[in-house]
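No experiment lies behind these values; they were computed from the predicted model shown.
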Amino acid sequence: MKKKKKKNISSPFHIVYQFVQVKKMREEYGKLEKGEMSIWECCEVLNNIVDDSDPDLDEPQIMHLLQTAEAIRKDYPNEDWLHLTALIHDLGKILIHPNFGGLPQWAVVGDTYPVGCGFSETIVHHKHFKENPDYKNPEYNTKFGVYSEGCGLNNVMMTWGHDDYMYLVAKENGTTLPSAGLFIIRYHSFYPLHKCDAYKYLMNEEDRENLKWLNIFNKYDLYSKSKVPIKVEEVKPYYESLIKKYFPAKLKW
């Protein structure tokens, strides 16, 4: 299938997202006080949201989630955790909904990258980082910044967005997904890493193992979509069984 170029959303992202502000966003939304609902209910809420950065189709998110999950299910039938991870990987986009924060799309979707250390030139529109105060802050603008070599990505502060939010929702609600599933959810928009090999010096051994699964997942994420819609009611029972296996009935968001 011919790959289509990923769109970029015009935004103040590169200026707004400084280390201290990202930390505040993560602390605020990490309280999970926006509401309570099941995984499938969240999927249905996302049916009313269209991601403006989507490179392929102007379809509701539920179609993308199911097309990605079903494509992986076909090729990796024995990895049920990966099927479910594909279904829920974008649920953090619920932050766009007025009842769950109403954040602008530039603050929810798009590429993610570390803050608190030097900005890689592999980040999209990296030239604009000269306007970010962290760029000139000696505490943050070195190769390692506030981190150390091999510290592990779990100890690195990433720009805020749907990835990190859904990771927090899953983790804090006690999911039993394997670490590779949580890694995919948290870093699937971390394109400087999985497209350009940037920031690998911050990874530990567990990260390197999980990156193998993320690289598999990425083949399906952006490019699994088609004009043929998934028959939701036919596949819903299967995914509801996986949700029951790996998540509580209701989650805090």
For this session: Output, in order, the C-alpha distance, side-chain angles, deciding distance and verdict of side-chain contact (heavy atoms from CB on, under 4.5 Å) for Asp164 and Thr112.
Result: CA-CA 9 Å; Asp164 214 22; Thr112 61; over 6 Å; no
Just list the side-chain donor-acceptor pairs under 3.5 Å for residues 237-253, sequence neighbours left out, or say none.
residue: Tyr238; atom: OH; partner: His83; partner atom: ND1; Å: 2.6
residue: Tyr239; atom: OH; partner: Glu70; partner atom: OE2; Å: 2.5
residue: Ser241; atom: OG; partner: Tyr238; partner atom: O; Å: 2.5
residue: Lys245; atom: NZ; partner: Asp80; partner atom: OD2; Å: 2.8
residue: Tyr246; atom: OH; partner: Asp80; partner atom: OD1; Å: 2.7
residue: Lys250; atom: NZ; partner: Glu41; partner atom: OE1; Å: 3.0
residue: Lys250; atom: NZ; partner: Glu41; partner atom: OE2; Å: 3.1
residue: Trp253; atom: NE1; partner: Met37; partner atom: O; Å: 3.0
residue: Trp253; atom: NE1; partner: Leu251; partner atom: O; Å: 3.3

Exercise. In chain order, what residues pass the ring-ring contact (aromatic ring centres under 6.0 Å, His included) check against Tyr140, with sequence neighbours excluded?
Worked result: Phe19
For this session: Step by step, work out the salt bridge (Lys or Arg N to Asp or Glu O under 4.0 Å) result for Lys212 and Glu209.
Result: CA-CA 6 Å; Lys212 297 175 184 178; Glu209 287 300 312; 3.2 Å; yes
Exercise. Can you check side-chain contact (heavy atoms from CB on, under 4.5 Å) on Met25 and Tyr17, steps first, answer last?
Worked result: CA-CA 10 Å; Met25 290 286 283; Tyr17 276 158; 3.9 Å; yes
Exercise. Got His188 and Asp90 here, is their nearest side-chain heavy-atom distance under 4.5 Å?
Worked result: yes
Exercise. Is the Tyr201 to Phe144 ring centre distance short of 6.0 Å?
Worked result: yes
Problem set entry | Val20 reachable from Met157 in the ILVMFWY side-chain graph, under 4.5 Å edges | no
Exercise. Quick one: are Tyr199 and Ile123 in side-chain contact, heavy atoms under 4.5 Å?
Worked result: yes
For this session: Could you verify whether a donor N or O on one side chain and an acceptor N or O on the other, from His64 and Thr68, lie under 3.5 Å apart?
Result: yes
Problem set entry | Flag if over 12 foreign heavy atoms under 6.0 Å of CD, Glu28 | yes
Seminar exercise, completed: Shortest non-hydrogen pair, Trp81 vs Gly181, comes out as CZ3-N, 3.6 Å
Exercise. If you take all heavy atoms of Cys43 and Leu65, which pair is closest and at what distance?
Worked result: SG-CD1, 4.3 Å
For this session: Under the side-chain hydrogen bond (donor to acceptor under 3.5 Å, both in side chains) rule, what do His89 and Asp163 come out as? Steps first, then yes or no, please.
Result: CA-CA 7 Å; His89 76 282; Asp163 306 56; over 6 Å; no
Seminar exercise, completed: Distance col, row Leu211:CG vs Leu153:CG, nearest 0.5 angstrom, shows 8.5 Å
For this session: Using the side-chain contact (heavy atoms from CB on, under 4.5 Å) rule, take Leu87 and Leu66 through it: C-alpha gap first, then chi angles, then the decisive distance, then the call.
Result: CA-CA 6 Å; Leu87 179 73; Leu66 286 173; 3.6 Å; yes
Seminar exercise, completed: Applying side-chain contact (heavy atoms from CB on, under 4.5 Å) to Asp75 and not counting sequence neighbours gives Tyr220
For this session: Would you name the heavy atoms of Lys93 and Leu46 that are closest together and state the gap between them?
Result: C-CD2, 3.9 Å
For this session: Using a 4.5 Å cut-off on heavy atoms from C-beta on, say whether the side chain of Met203 contacts that of Leu193.
Result: yes
Exercise. Is the shortest heavy-atom distance from the side chain of Asn204 to the side chain of Asn155 under 4.5 Å?
Worked result: no
Seminar exercise, completed: All heavy atoms of Ser120 vs all of Ala198, minimum pair found to be OG-CB, 3.7 Å
Problem set entry | Non-hydrogen side-chain atoms of Phe119 and His126 separated by less than 4.5 Å | no
Exercise. Given the rule in the side-chain contact (heavy atoms from CB on, under 4.5 Å) test, do Ile94 and Lys34 qualify, once you have shown the distances and angles that lead to the verdict?
Worked result: CA-CA 10 Å; Ile94 196 72; Lys34 300 298 181 182; over 6 Å; no
For this session: Hey, could you give me the CD/CG distance between Gln105 and Leu95, rounded to the nearest 0.5 Å?
Result: 11.5 Å
Problem set entry | From Glu27 atom CD to Trp160 atom CH2, the distance as rounded to the nearest 0.5 Å | 10.5 Å
Problem set entry | From Lys143 atom NZ to Leu202 atom CG, the distance as rounded to the nearest 0.5 Å | 9.0 Å
Exercise. Aromatic ring centroids of Phe100 and Tyr165 under 6.0 Å?
Worked result: no
Exercise. Quick one: are Arg186 and Asn210 in side-chain contact, heavy atoms under 4.5 Å?
Worked result: no
Exercise. Side chains of Leu91 and Val169: does their closest heavy-atom pair fall under 4.5 Å?
Worked result: no
Exercise. So which heavy atom on Thr175 is nearest to which on Leu177, and how close?
Worked result: OG1-N, 3.2 Å
For this session: Might you confirm whether atom NZ of Lys236 has over 12 heavy atoms from other residues, nucleotides or ligands at distances under 6.0 Å?
Result: yes
For this session: Using distance alone, with no hydrogens and no angle criterion, decide if Tyr167 and Asn154 have a side-chain donor and acceptor under 3.5 Å apart.
Result: yes
Seminar exercise, completed: CG (Asp221) and CD1 (Ile72) are apart, to the nearest 0.5 Å, by 8.0 Å
For this session: With rounding to the nearest 0.5 Å, note down the distance linking CG in Leu214 to NE2 in His194.
Result: 5.0 Å
For this session: Identify the heavy atoms of Asp207 and Gly152 that sit nearest to each other, and give their distance.
Result: OD2-CA, 3.4 Å
Exercise. Would you say the side chain of His162 lies within less than 4.5 Å of the side chain of Ser189, judging by non-hydrogen atoms?
Worked result: yes
